[in-house]
Each structure stands twice: as structure tokens, then as C-alpha cells.
Amino acid sequence: QAKNQGKNRYCFFDATIKMLVTQRMKMERDLRDAVDNHQLYLVYQPLVNLDSRKIEGFEALVRWHHPVNGLVSPVEFIPVAEETGLIVEIGEAVVEMACQMLSRFKQAPLLADLYINVNVSSVQVLARTLDSVIRKNLQRYLVDPEKLNIEITESILIEDYKAALNFVRELKAMNIKVYLDDFGTGYSSLSYLHKFPFDAIKLDRSFIQVINDSRQNEAIVESIGLLASNLNIHIVAEGIETREQLIKVQHMHYHVAQGFYFAKPLAEHKVEVFVKSFDYDAGEDTILQ
Ligand code: C2E
Ligand code: MG
Ligand code: MG
Ligand code: MG
């Protein structure tokens, strides 16, 4: 149509669109190379148990070391990977790396009891191959399924309720725990909480961020904590950055906390040292001053 309107027709969007499309195509190509050339790796953020005050596990978060651009955030490349379907391969690599790490955990007395959470997006669930990939890797690396947890977000529950339920049931049958990630950010419906056999929910960090701003914000975090505990579901507070926030969620009966207050995601080789020297009360002095 536009072509027929004459060769000389000038559209000032053209250049920008062309640049965006080119950038996007380059990212797709590069991302394919990244999978083939092992440029993707995992970092690990501790989850701290608020009763024992010890690290009970880690969330595995994918990172891309681009040969020219350096570190690329998953926030940038996961959406591209989802749209192109590359997320399926990336997800397989992530599951394999997490299982390799868990098999290393078994050799280190300090880490042997710890679990690893792996994030899974809805495209991966809809591809319907992930449960067999998980099964295969658990066997290959001799990993106890109880040590691998899967995090899914609410979006899959809306996109394809049946596929999501099947997936969660497959995982449960394998003895894998399922976490509902970023709770409260999607089209949260409380009915999901009892229709799906979730083992834990992770309250999104946007709620923690504003917990000190008003009594209302605090009440929301507290009520969600109560709801989870009444439903017998574990509850994790994401994005804890300050001691004040930590103390609040502790008093609201949250089981687990995760966030920069304790640690940013750690490189693989730093995990064991971190667990060894972890001190829950390390930040206490600074707040009491
Ligand atoms: P998520 O699963 O909700 O992961 C938590 C994100 O919050 C991580 O960002 C983590 O670094 C960040 N975070 C943790 N504590 C704090 C805090 O105290 N303050 C702040 N400001 N941020 C905190 P990251 O690593 O950039 O990952 C972003 C998202 O990318 C993840 O959100 C997840 O949805 C997705 N993602 C990461 N790895 C994977 C993966 O292997 N597979 C899939 N499908 N998605 C992944
Ligand atoms: Mg997560
Ligand atoms: Mg999350
Ligand atoms: Mg989140």
C-alpha cells in the first residue's frame, strides 16, 4: 500500500523503525549464538529462613555475557527469547546448569541441604517439554527432586489455565515444589491460590518497596502473609533492601526473605564462602546506631 503511494513519499518513522528492527534482529542472532557458545550462566541469590536465620536455598538467575556489549540483563533479553521461542532452549540450559550446581552442592557439607529455585516463563510451559527436560537432568546429575524448585508467574495461569495446571501437577508428581513468583503484580486472583497446589508464594518486591510509606501499605503485606499462612502456603518476601523492611516482614510471619539487604545474586564460585560466613545480624549495628 505505502509503496503504491509513490517512491518519493517520505516517512520520518522509517529510519527509526529500520534501526529498531535491525537492533532487534541482531539481538536475536546474538542470542542464538549465546546459547550455542555458552555465553549464558547463572548467578545465585540467597533465600534466608526467618526462623532459623540461615540461608535455606538460592534463586538461580540467568545472565548473558555478550562478547562485545558485556553483561546483558535478563529484563532485556528474556522478552526477546520468549517472542522468538529461544527461551525453550535457554530454559533447558538453565535447568541443566542448576542441576549441575545442585550436584556440586552435594559434595559440600555446608550446601548439601540447600535448594535451588529456577524461573520458568509461560512460553516454556506452553512448549510442554520442560517436565521431561527436568526429569532427564535430575537423573543425569543424580539430583534429589526435593532440591529443585520451580518459580512460575501469574501470567501463565491466565494465558493457559489447563496447561499451567498440568505442568504444576507434573512437577508435584515428581516431588518438585512450585512457587508463585511476583505475586500481586499480574491479574492476581485469590482463587488461584487454592486451585493450584502452590508450595510457596513470593510477594513481589514492589509491595516491600513501599511498606514503610503508609499504614495501608503495611496492612497489605501483612494481610497477604496471613492469607498464605491460613492456606498453609509458605510465603517469601522479595526485594528486602533494608533492616526496617526485614524486621517488618519478620513480625508478619513471613517464612523467608530475599533481597539486596542480604546479598545481590552471587557468582557461582562465591556461593560456598558466602554461606560459610553468613551472619543474619550483620546489619544490626548499623540500624541501632
Ligand atoms: P524474578 O524471578 O522476580 O527475580 C528477582 C529479580 O529481582 C532479580 O532480577 C533480582 O536480581 C532482583 N532483586 C532481588 N533482590 C532485589 C532487591 O533487594 N532490590 C532490587 N531492586 N532487586 C532485587 P534479575 O536477575 O535481573 O531478573 C529479572 C527477571 O528476569 C526475574 O525476575 C525473572 O522473571 C527473569 N529471569 C531471570 N532468570 C531467568 C531464567 O533463568 N529463566 C526465566 N524464564 N526468567 C528468568
Ligand atoms: Mg523468580
Ligand atoms: Mg520474583
Ligand atoms: Mg519480582
Side-chain angles (χ1 to χ4, degrees), residues 31 34-35 39-48 55 57-65 71-101 115-127 129-130 133-134 137 148-156 159 167 177-186 188 198-212 224 234-246 248-249 254 256-268 283:
L31 201 50
V35 181
Q39 293 163 13
L40 301 176
Y41 61 97
L42 298 181
V43 289
Y44 298 90
Q45 190 179 33
L47 282 96
V48 178
I55 294 169
F58 288 89
E59 177 173 5
L61 295 155
V62 72
R63 294 290 180 266
W64 176 13
H65 183 86
L71 187 67
V72 187
S73 160
V75 179
E76 270 177 76
F77 73 83
I78 293 282
V80 178
E82 287 175 342
E83 278 169 46
T84 55
L86 267 171
I87 190 69
V88 175
E89 271 176 78
I90 292 175
E92 292 181 15
V94 166
V95 167
E96 176 159 19
M97 288 187 281
C99 287
Q100 280 174 324
M101 187 64 165
Y115 58 74
I116 292 180
N117 282 17
V118 165
N119 291 285
V120 161
S121 68
S122 57
V123 183
Q124 294 171 268
V125 175
L126 295 176
T129 48
L130 199 62
V133 168
I134 292 170
N137 279 289
L148 182 73
N149 304 324
I150 296 294
E151 295 188 5
I152 61 172
T153 55
E154 286 162 335
S155 61
I156 178 61
E159 279 168 43
F167 179 66
K177 293 191 190 67
V178 184
Y179 285 52
L180 181 59
D181 199 4
D182 301 340
F183 183 75
T185 52
S188 301
F198 293 118
D199 297 281
I201 60 182
K202 299 179 82 171
L203 181 64
D204 192 70
R205 69 176 151 86
S206 53
F207 292 92
I208 304 297
Q209 243 164 23
V210 298
I211 195 174
N212 293 315
I224 295 173
H234 267 67
I235 179 137
V236 182
E238 282 191 314
I240 297 289
E241 293 184 353
T242 69
R243 185 151 189 96
E244 239 182 319
Q245 294 167 343
L246 174 66
K248 282 215 170 120
V249 296
Y254 278 63
V256 176
Q258 175 184 5
F260 294 170
Y261 175 74
F262 291 119
K264 290 206 169 164
L266 305 163
E268 186 180 315

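Counting starts at 1 for both ligands and their atoms, in listed order. Computation of the quantities below employed the complete heavy-atom set of this structure, encompassing side-chain atoms and omitting hydrogens, waters and symmetry-equivalent molecules.
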Can a donor-acceptor pair be found, under 3.5 Å and without considering hydrogens, that links the side chain of [X] to the backbone of [Y]?
| X | Y | answer |
| --- | --- | --- |
| Gln45 | Ala263 | yes |
| Glu83 | Val80 | no |
| Asp181 | Thr153 | no |

Gap separating the [atom1] atom of [X] from the [atom2] atom of [Y], nearest 0.5 angstrom:
| X | Y | atom1 | atom2 | answer |
| --- | --- | --- | --- | --- |
| Ile235 | Leu180 | CD1 | CG | 9.5 Å |
| Gln39 | Leu31 | CD | CG | 9.0 Å |
| Gln245 | Asn212 | CD | CG | 6.0 Å |
| Phe58 | Asn149 | CZ | CG | 13.5 Å |
| Leu47 | Tyr115 | CG | OH | 4.5 Å |

Is there a nitrogen or oxygen of [X] sitting under 3.5 Å from a nitrogen or oxygen of ligand 1?
| X | value |
| --- | --- |
| Asn119 | yes |
| Tyr261 | no |
| Phe260 | yes |
| Arg63 | yes |
| Glu241 | yes |
| Val75 | no |

Shortest-distance N, O or S atom of Glu151 relative to the Mg ion (ligand 2): OE1
Restricting to N/O/S, name the atom of Glu59 that gets closest to the Mg ion (ligand 2). OE2
Answer yes if the side chains of Asn119 and Glu59 hold a donor-acceptor pair under 3.5 Å, and no otherwise. yes
Residue-ligand contact [X]/ligand 1, heavy atom below 4.0 Å:
| X | result |
| --- | --- |
| Glu238 | yes |
| Arg205 | yes |
| Glu59 | yes |
| Gln124 | yes |

Has Asn119 got an N/O/S atom less than 2.8 Å from the Mg ion (ligand 2)? yes
Measure [X] to ligand 1 on non-hydrogen atoms and call it side chain, backbone, both or neither using the 4.0 Å cut-off.
| X | result |
| --- | --- |
| Asp182 | side chain |
| Gln45 | side chain |
| Val62 | both |

Let's go through Leu40 and Phe77 carefully: what are the C-alpha distance in whole Å and the side-chain angles of both, what is the deciding distance for side chain to side chain contact (heavy atoms under 4.5 Å, CB included) to 0.1 Å, and is it a yes or a no? CA-CA 11 Å; Leu40 301 176; Phe77 73 83; 4.3 Å; yes
Metal-centred angle, the Mg ion (ligand 3) as apex - OD1 of Asp182, OD1 of Asp181, 10° resolution: 90°
Val43 pairs by side chain to side chain contact (heavy atoms under 4.5 Å, CB included) with which of Glu268, Lys264, Arg63? Arg63
Counting heavy atoms only, name the option from Leu61, Leu40, Ile90 that's nearest to atom 4 (O) of ligand 1. Leu61
Hey, looking at atom 1 (P) of ligand 1, which of Ile152, Asp181, Thr242, Leu42 has the closest heavy atom? Asp181
Hey, mind stepping through Ile87 and Ile78 against side chain to side chain contact (heavy atoms under 4.5 Å, CB included) and telling me if it holds? CA-CA 7 Å; Ile87 190 69; Ile78 293 282; 3.8 Å; yes
N, O or S from Glu238 under 2.8 Å to the Mg ion (ligand 3): yes
Which of the atoms of ligand 1 are close to [X], meaning less than 4.0 Å from one of its heavy atoms?
| X | result |
| --- | --- |
| Gly239 | 16 (C), 17 (C), 18 (O) |
| Val94 | 41 (O) |
| Gly259 | 15 (N), 18 (O) |

One pair to check against side chain to side chain contact (heavy atoms under 4.5 Å, CB included): Phe167 and Leu126. What are the steps and the verdict? CA-CA 9 Å; Phe167 179 66; Leu126 295 176; over 6 Å; no
Residue pair Phe183, Asp204: steps toward the side chain to side chain contact (heavy atoms under 4.5 Å, CB included) verdict: CA-CA 5 Å; Phe183 183 75; Asp204 192 70; 5.9 Å; no
